[in-house]
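Here is the structure we will look at.
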Number of protein chains: 2
Amino acid sequence: MKTAGRKVDADEPLYRRMRLDIERRILSGEWPPGHRIPVEHEFTSTYKCSRMTVNKVLSGLADAGLIERRRRAGSFVSAPRAHAAVLEIPDIQSAIQSRGEDYRYELLAERRRLSTREDMKDLLLAARQRVIHIQCRHFANGVPFTIEERLINLAEVPEAATVDFSVTPPGTWLLAFVPWLEAEHRILARQAGQDWGALLNLPQDTACLVVERRTRRTGSALTYVRQIFQGDRYFLTARFAPRDGATGQSR
Amino acid sequence: MKTAGRKVDADEPLYRRMRLDIERRILSGEWPPGHRIPVEHEFTSTYKCSRMTVNKVLSGLADAGLIERRRRAGSFVSAPRAHAAVLEIPDIQSAIQSRGEDYRYELLAERRRLSTREDMKDLLLAARQRVIHIQCRHFANGVPFTIEERLINLAEVPEAATVDFSVTPPGTWLLAFVPWLEAEHRILARQAGQDWGALLNLPQDTACLVVERRTRRTGSALTYVRQIFQGDRYFLTARFAPRDGATGQSR
DNA sequence: AAGTGGTCTAGACCACGAC
DNA sequence: TCGTGGTCTAGACCACTTC
């Protein structure tokens with residue numbers, strides 16, 4: 001075992017150059033969907049490296065969905081999966097402040113109660129639980145930016161009972177307090193109507209963007225939130241790169 | 001080098017069990033954000049395996065954004081990044097048909113022209129190019145489902161000049177023809193207005209969901225599309241799982 | 001200076017599945 | 001059957017960064 005160590009060929013690790021090479025071939029269409037790419041052994045010759053290194057690259061491409069690997073058959077360029085995009089839905093407070101705007105928060109209503117039938121559906125509850133129901137409003141530069149309606153499941157997040165939500169926005173508190181969750185989102189458009197119009201200071205027929213999110217660990221949801229934005233004042237952006245991007249910009 | 005080969009401990013490869021173990025600790029809050037997790041060498045003892053195997057797991061967690069790794073300092077649980085979600089934006093035709101509904105397509109207008117100033121912005125063109133401008137409509141069970149306005153950059157996709165878009169929906173053709181692209185999405189809400197209302201058979205003030213997408217390889221865009229949906233008839237769903245999900249459901 | 005992760009090797013055995 | 005990928009080892013040297 002003489003070994004490694006020669007490394008630095010161009011300051012860029014071998015596996016990354018290999019990965020980019022292959023991605024380029026796929027993205028350029030040189031290797032179209034369905035194309036069988038070289039087997040691992042061929043890559044070890046081409047790049048003069050061990051099979052482990054090749055395997056790391058090809059496994060990564062398979063994880064990213066760019067190729068599919070089948071034993072005995074080989075590795076094939078995948079067909080693009082419609083359009084998958086990574087959507088970043090930021091904390092409202094951070095979003096407003098990061099744009100250099102002044103942030104203000106207002107609690108409109110807070111009720112603690114036993115879950116209604118609808119609450120149970122929103123929170124995926126199997127039985128009645130105590131919940132907190134919050135309605136609040138976020139301002140950017142003094143103008144209503146979004147209204148928020150939120151349920152917090154006290155069975156899953158008992159600490160929420162001790163928080164003063166007249167001061168602390170529930171989203172900000174939850175994000176800081178509860179680590180790493182799964183979330184399901186639903187995005188739709190709806191007319192403001194009387195309630196939303198009054199709260200967002202908009203004509204009743206204005207189109208609003210509605211983002212609903214259910215946040216959970218495994219079973220019941222911890223919280224359910226519906227945020228309403230003026231439709232053309234706020235928008236979501238999403239980006240898809242064949243990975244390296246979705247994987248978290250990396251590098 | 002005696003070796004490997006003992007493998008099958010529980011039908012589940014070691015690296016996956018290790019990965020799930022660590023994810024569980026992070027998701028449950030046992031290892032909260034900022035927590036320093038054991039160093040690679042400790043894991044080799046715990047799991048009685050080589051450092052490569054541990055490294056594969058921890059590197060994967062770092063790619064997924066669950067931990068951050070710093071030389072000499074160690075590996076730390078990340079703070080959750082707002083809410084990242086994987087948004088699937090399907091091909092219209094597939095989406096309608098996969099719900100068992102009847103799909104119909106109608107070309108409203110097609111023009112071939114030199115890019116206008118606005119086209120250049122939408123397609124990120126540096127110079128004037130020939131483009132195809134298409135307006136079309138998709139029906140589900142005979143009812144207008146979405147209207148679409150699309151630009152195709154003939155400099156990047158010359159083959160589009162030969163396609164009969166009165167028969168083939170441009171999105172379907174592009175998805176099948178052009179492999180693996182990057183895409184940027186913008187999602188917003190807007191009132192129907194006169195044009196959209198007439199085409200979607202809606203009152204003018206109806207809230208519509210607007211999805212704009214620019215698809216590119218590296219430089220200029222290949223195509224730019226704006227799709228308009230009745231706001232409460234269609235919605236987007238997105239899901240975030242701390243990976244394994246975004247990485248492509250895998251498994 | 002020393003501990004940590006980053007990368008890599010040259011093997012190994014296994015399981016799957018196309019042939 | 002046997003080529004392919006799947007997983008794993010027991011080392012190695014390096015680079016970085018904190019101590």
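Just so it is clear: chains get the letters A, B, ... in the order the sequence lines come, proteins before strands, and each one is counted from 1. Note that the structure is a prediction, hence the values are computed from the model and not measured.
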Are any of the side-chain nitrogens in A/R69 or A/E40 under 4.0 Å away from the carboxylate oxygens of its partner?
yes
Between C/dG5 atom C1' and B/I67 atom CD1, what is the distance in whole Å?
10 Å
Report the distance from atom CG of A/N55 to atom P of D/dG6, rounded to the nearest whole Å.
6 Å
From the set D/dT9, C/dG5, D/dG5, return the single nucleotide nearest to any side-chain atom of B/S75.
C/dG5
Sorted by chain and residue number, the side-chain contact (heavy atoms from CB on, under 4.5 Å) partners of A/S28 (sequence neighbours excluded) come out as A/E30
Assign each of A/M52 and A/G74 the nucleotide of DNA chain D bearing its closest heavy atom; nearer the 5' end lies the nucleotide of A/G74
Can you name the residues that form a ring pair (Phe, Tyr, Trp, His ring centres under 6.0 Å) with B/Y105, not counting sequence neighbours?
B/H138
Quickly work out the B/R69 CZ to D/dC16 C1' distance and round it to whole Å.
14 Å
Taken to the nearest whole Å, CG/A/L61 to C1'/D/dG6 is 16 Å
Taking only residues two or more places apart in sequence, or in another chain, which ones meet B/F76 in a side-chain contact (heavy atoms from CB on, under 4.5 Å)?
B/R36, B/R70, B/A73
Quiz question: going by heavy-atom distance under 3.5 Å, is there a donor-acceptor pair between the base of C/dG6 and the side chain of B/R51?
yes
Could you pull out the protein-nucleic contacts involving nucleotides 17-19 of chain C (nitrogen or oxygen on both sides, under 3.5 Å)?
none

My understanding is that only residues two or more places apart in sequence, or in another chain, count here; which of them pass side-chain contact (heavy atoms from CB on, under 4.5 Å) with A/E68?
A/S78
What residues, two or more places apart in sequence or in another chain, satisfy ring pair (Phe, Tyr, Trp, His ring centres under 6.0 Å) together with A/H41?
none
side-chain contact (heavy atoms from CB on, under 4.5 Å) with B/R213: which of B/E184, B/R186, B/Q227?
B/Q227
Just to verify, what does B/F229 make a ring pair (Phe, Tyr, Trp, His ring centres under 6.0 Å) with, not counting sequence neighbours?
B/F145, B/Y234
So, OP1 or OP2 of C/dG5: does either fall under 4.0 Å of a side-chain N or O from B/S59?
no
What is the distance, to the nearest angstrom, from the CG atom on B/L58 to the P atom on C/dT4?
13 Å
Could you tell me the separation between the CD atom of B/E12 and the P atom of D/dT7, rounded to a whole number of Å?
10 Å
Sequence-distant partners of A/A160, side-chain contact (heavy atoms from CB on, under 4.5 Å), two or more places apart
A/I132, A/I152, A/L154, A/V157, A/F165, A/W173
Show every salt bridge (charged side-chain N to carboxylate O under 4.0 Å, His left out) that has at least one partner inside residues 165-178 of chain A, sequence neighbours left out.
none
A/K56 NZ to D/dG6 C1', in whole Å, measures 16 Å
Under the 6.0 Å and 45° cation-pi test, does A/R104 pair with A/F139?
yes
Got a sec, which pairs hit salt bridge (charged side-chain N to carboxylate O under 4.0 Å, His left out) with one end in residues 152-166 of chain A, sequence neighbours left out?
none
Roughly what angle, to 10°, lies between the helix axis at the start of the helix from C/dA1-D/dT18 to C/dA18-D/dT1 and the one at its end, five pairs per end?
10°
Is A/T53 near enough to C/dT9 that one of its side-chain N or O atoms lies under 4.0 angstrom from OP1 or OP2?
yes
Contacts to DNA chain D from residues 36-47 of chain A, heavy-atom cutoff under 4.0 Å, which residues?
A/R36, A/V39, A/E40
